[in-house]
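Here is the structure we will look at, set down as structure tokens.
Here, residue 1 is the first one in the sequence, and each next residue gets the next number. For the numbers below, each heavy atom of this structure counts, side chains included, while hydrogens, waters and symmetry mates do not.
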Amino acid sequence: MIFFWFIYYSILILICYLFIKLVSNNFIKFFFTPILFGIFGTFWFLEPGGYEIAPIISILLLESSILEFNGLGRLLRPALSFIFFLELISLIFYFYTKKIVK
């Protein structure tokens, strides 16, 4: 299982790195990279009270199609919190580096 998480996050970091290299606008880099990482990098429990974890995006897809409905709020709260936290750090870093460079 650790091998799966290692490969999963290695691919996710590679995708974020390629996104950063392909986009030329610095603000777009700092704004959308945490969103991309937050959508695909956040993980949560498969079912309430369970011990298995999985990426939230896969749980959302399964919740909307084939699994019993346990509520989307239990998945959206940690995902949005994680995205907000990453976005805040990224924008602070963006404005900090913008101020130092000038």
Side-chain angles (χ1 to χ4, degrees):
M1 187 54 112
I2 293 190
F3 185 68
F4 166 75
W5 288 108
F6 178 75
I7 295 296
Y8 183 78
Y9 275 101
S10 297
I11 292 172
L12 181 59
I13 290 171
L14 178 69
I15 290 171
C16 288
Y17 177 75
L18 290 175
F19 177 76
I20 289 171
K21 289 299 178 185
L22 290 175
V23 175
S24 61
N25 188 340
N26 280 339
F27 183 75
I28 292 176
K29 287 180 194 179
F30 280 97
F31 185 73
F32 283 112
T33 304
I35 293 173
L36 182 67
F37 193 78
I39 289 172
F40 293 105
T42 310
F43 55 90
W44 199 245
F45 299 100
L46 283 174
E47 55 192 29
Y51 294 108
E52 299 88 17
I53 58 173
I56 284 184
I57 192 74
S58 66
I59 301 171
L60 282 173
L61 292 173
L62 288 173
E63 285 274 337
S64 66
S65 62
I66 60 173
L67 289 178
E68 69 270 357
F69 187 74
N70 290 321
L72 296 178
R74 74 176 188 94
L75 299 171
L76 292 179
R77 279 190 305 263
L80 292 177
S81 299
F82 190 68
I83 291 170
F84 177 74
F85 179 69
L86 288 175
E87 194 68 45
L88 187 66
I89 290 172
S90 177
L91 289 176
I92 288 171
F93 186 71
Y94 171 73
F95 289 120
Y96 180 74
T97 57
K98 187 176 177 183
K99 191 175 229 181
I100 287 180
V101 171
K102 288 185 178 183

Identify, with sequence neighbours excluded, every residue that meets side chain to side chain contact (heavy atoms under 4.5 Å, CB included) alongside [X].
| X | result |
| --- | --- |
| Ser58 | Ala54, Pro55 |
| Pro34 | Leu86, Glu87, Ser90 |
| Ile7 | Phe3, Ile11 |
| Ile92 | Leu88 |

Rounded at 0.5 Å granularity, tell me how far [atom1] in [X] sits from [atom2] in [Y].
| X | Y | atom1 | atom2 | result |
| --- | --- | --- | --- | --- |
| Ile20 | Phe30 | CD1 | CZ | 7.5 Å |
| Ile56 | Leu75 | CD1 | CG | 5.5 Å |
| Leu91 | Phe31 | CG | CZ | 7.0 Å |
| Phe43 | Ile53 | CZ | CD1 | 5.0 Å |

Quick one: does [X]'s side chain have a donor or acceptor within less than 3.5 Å of a partner on [Y]'s backbone?
| X | Y | answer |
| --- | --- | --- |
| Tyr8 | Phe40 | yes |
| Arg74 | Trp44 | no |
| Thr42 | Ile39 | no |

Using a 6.0 Å cut-off, check whether atom CZ of Phe4 has over 12 heavy atoms from anything other than its own residue.
yes
Hey, can you tell me if Phe27 and Tyr94 have their rings parallel, tilted or perpendicular (30° and 60° cut-offs)?
perpendicular
Is it true that [X] and [Y] fall in one hydrophobic cluster, defined by side-chain heavy atoms closer than 4.5 Å?
| X | Y | result |
| --- | --- | --- |
| Ile15 | Leu61 | no |
| Phe93 | Ile13 | yes |
| Phe32 | Phe84 | no |
| Phe6 | Tyr9 | yes |

Which ILVMFWY residues can you reach from Phe85 by hopping between side chains whose heavy atoms are under 4.5 Å apart?
Ile89
Transitive ILVMFWY cluster of Tyr17 at side-chain heavy atoms under 4.5 Å: who else is in it?
none
Scanning both residues in full, the closest heavy-atom pair of Gly41 with Leu12 reads CA-CD2, 3.5 Å
List the atom of Phe45, the atom of Ile59, and the distance in Å for their closest heavy-atom pair.
O-CD1, 3.7 Å
